[in-house]
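Side chains included, hydrogens not; waters and symmetry mates left out as well; all remaining heavy atoms used. From a predicted model like this one, the values you see are computed outputs, not experimental measurements.
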Amino acid sequence: MDAFTSGQDWSSVVSYSDGLNKITKQDIVNFANKYLNDNNYVVVYKRKGVDNNVVKVVKPEITPVTVNRDDQSDFLKK
């Protein structure tokens, strides 16, 4: 769809995922070591399990709204 809507070359769009499959873990490590220094990165820790420190918020009640479906405005009547 991207090739059709943006005018990209179809062969380059199809070969994009093939190019991504050629990237190895070592390629990513080499890139990170070359371009990311001590002040230029983000660390994300993935924790598994249930978080017991979550603060629960009390769900407020929903106020019902009365609607008169048979009523019509002057604009609608015109």
Undergrad: Find out whether Val65 and Thr63 are in side-chain contact, i.e. whether some heavy atom of one side chain is under 4.5 Å from a heavy atom of the other.
TA: no
Undergrad: Going by distance alone, is a donor N or O of one side chain under 3.5 Å from an acceptor N or O of the other, for Asp18 and Ser15?
TA: no
Undergrad: On a heavy-atom basis, which atom in Lys77 and which in Gln72 lie closest, and how many Å separate them?
TA: CE-O, 3.5 Å
Undergrad: So which atom in Gln8 and which in Val13 form the shortest heavy-atom distance, rounded to 0.1 Å?
TA: OE1-CG2, 3.2 Å
Undergrad: Spell out, as yes or no, whether a donor-acceptor pair under 3.5 Å connects the side chain of Asn30 to the backbone of Gln26.
TA: yes
Undergrad: Using every non-hydrogen atom in the two residues, find where Asn53 and Asp51 come nearest and quote the distance to one decimal.
TA: N-OD1, 3.0 Å
Undergrad: Could you check if a side-chain atom of Val29 sits within less than 4.5 angstrom of a side-chain atom of Phe31, using non-hydrogen atoms only?
TA: no
Undergrad: Would you say Leu36 and Ile28 are hydrophobically clustered, going by side-chain heavy atoms of ILVMFWY under 4.5 Å?
TA: no
Undergrad: May I ask you to list the residues sharing a hydrophobic cluster with Val50, side-chain cutoff 4.5 Å, ordered by chain and number?
TA: none
Undergrad: Quick one: side-chain hydrogen bond (donor to acceptor under 3.5 Å, both in side chains) partners of Ser17, sequence neighbours excluded?
TA: none
